[in-house]
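One structure is given below, encoded as structure tokens.
Start at 1 and go down the list; that is how both ligands and their atoms are numbered. These numbers were taken from a predicted model, which means no experiment stands behind them.
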Amino acid sequence: MAGLDRFRVVVGAGNSGQPGVVVRLPGVLVVASVARPETIETTKRLLALCADAAGEASATGTALVRQAGALLFNTEAERVPAFGLLTTSNNRILVLIHGAMDVVATGPTPVALSGMDSAIWVDRLLPAEISRVDIGPTDTLHGAPRSGFTGLDDLGFPLDLRIGAVPGIGVSLISADASPLTASSAAAGADGFLAGFDSPREPMTGAAPIPTPGTRLPDPLSTAPPPLIPLRSQDDEVHRRLVAAAEPTQAADFDELDEDPPTALAEHELLARRQRHDDLTDDLDDDQDAVTQLPGDQSFTVSDLIEDDDAATMLPDAAQPQVEGILCAHGHFNHPLAPYCAECGISLAQQTNRTVLGPRPPVGVLVFDDGQTVNVDMDLVIGRQPDRDEAVRAGNARPLPVEDGESAVSRVHAVITLNGWDAVITDRGSANGTYIAPPEATVWTPLSPHQPAPLVPGTRVQVGKRTFVFNSHIQI
Ligand SMILES: [Zn+2]
């Protein structure tokens with residue numbers, strides 16, 4: 001993680017009227033203003049995210065910025081401190097700033113950013129060739145007296161904060177390649193920095209946030225997913241499960257299998273099912289129907305929504321893909337891992353070794369925010385003009401037109417694909433991204449384009465301004 005680590009970090013101390021904290025960890029640097037007490041709790045959570053991620057290339061960079069973005073989305077604005085978060089991404093510095101905090105990068109292509117330029121945050125991947133980065137509160141940098149950045153040496157603060165947390169309102173990152181920082185050069189540098197801020201603000205106002213290449217950060221103005229309930233500690237666990245479910249080849253998970261799998265099942269399919277099973281076990285209760293809560297405390301069961309005419313028949317149905325399942329004593333066709341018959345509710349405990357092939361029933365239903373329900377009985381293409389999709393044209397998928405009135409939904413936005421009894425959702429490279437929140441999740445997770453993610457029952461999905469829930473009467 002050479003990006004941040006090649007810089008010396010000089011701390012601007014500020015004064016007692018400007019409490020703040022500067023934290024440097026491997027691959028992470030945070031400057032946060034904690035002038036308002038109500039922001040301290042969020043600051044702690046932000047720093048905890050950084051501490052968890054520090055030192056791991058896979059957890060810092062864009063992954064950390066996403067986590068910080070999720071925290072921002074799920075916290076009331078007045079509880080969020082003005083802060084700047086710098087992390088390393090592909091040997092470059094990735095910046096996220098929020099509120100009254102400015103960042104100036106000096107180099108062949110100078111960059112000036114202000115958290116004030118966006119309602120929620122500004123993020124930017126800084127140019128590779130920068131020699132210096134200054135971060136400080138907007139007020140401090142614009143107003144007199146020029147405290148904070150002048151006379152850094154004189155204040156006796158460490159010229160190179162290697163690791164840890166110190167009081168401070170801002171920092172100057174000096175490239176290790178540059179000449180050693182002396183008192184005079186520090187003052188000159190600070191003066192130049194401040195002079196830049198004292199001039200008209202064209203450079204700042206022109207610095208609109210741009211998406212970081214390869215990153216799917218939510219656009220706060222057009223695609224901000226509605227806030228879920230506040231971030232909780234199990235998010236990491238949910239994320240881990242999501243990742244594990246999306247990578248069904250993990251040997252560790254396979255070792256955890258404690259029952260004989262039907263031999264005909266492909267290994268990856270079985271693992272995906274097992275993962276689903278694990279995810280659902282915690283929530284399984286005596287109620288065999290997933291219950292969806294609607295606004296106004298109405299509730300309904302998924303079985304009520306699914307027109308499940310043929311689920312019980314074992315007559316060969318050429319139109320329906322055949323899937324492996326088990327029959328209850330009454331002849332109803334069920335998921336091979338189902339503990340109870342979805343039709344009549346009797347126990348399937350004695351049937352688990354007698355798998356048969358049968359026509360696949362609908363695996364679930366999508367319930368949209370406007371009450372529309374859609375059976376998930378074949379592949380579905382979601383978008384503003386889903387008819388354009390090749391699979392739809394070929395008759396292999398059904399179009400599911402979705403409009404949000406603002407064209408934030410792409411023409412072909414996402415696709416839900418059935419594999420056996422399982423559904424997966426894949427973003428089709430949409431302009432504004434697809435977000436999912438599995439049942440226990442408290443934050444939205446942006447899907448990586450063209451990377452399938454499991455759609456377990458209870459998963460909420462956002463495309464453009466629209467949301468829907470995937471539910472299923474199939475409980476395993
Ligand atoms: Zn039955």
Is it the case that the side chain of R466 and the backbone of E403 share a donor-acceptor pair, with hydrogens and angles ignored and the cut-off at 3.5 Å?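 Yes.
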
Ring geometry between Y435 and W444 (parallel below 30°, tilted from 30 to 60°, perpendicular above 60°):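 W444 vs Y435 ring planes: perpendicular.
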
Any idea how W121 and F73 line up, ring-wise: parallel (<30°), tilted (30 to 60°), or perpendicular (>60°)?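 W121 and F73: perpendicular rings.
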
Sorted by chain and residue number, which protein N/O/S atoms are under 2.8 Å from the Zn ion (ligand 1)?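 You should have found C328 SG, H332 ND1, C341 SG, C344 SG.
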
Verify the neighbour count for atom [atom1] of [X]: are there more than 12 heavy atoms of other residues, nucleotides or ligands below 6.0 Å?
X: D379; atom1: CG; value: yes
X: R398; atom1: CZ; value: yes
X: E78; atom1: CD; value: yes

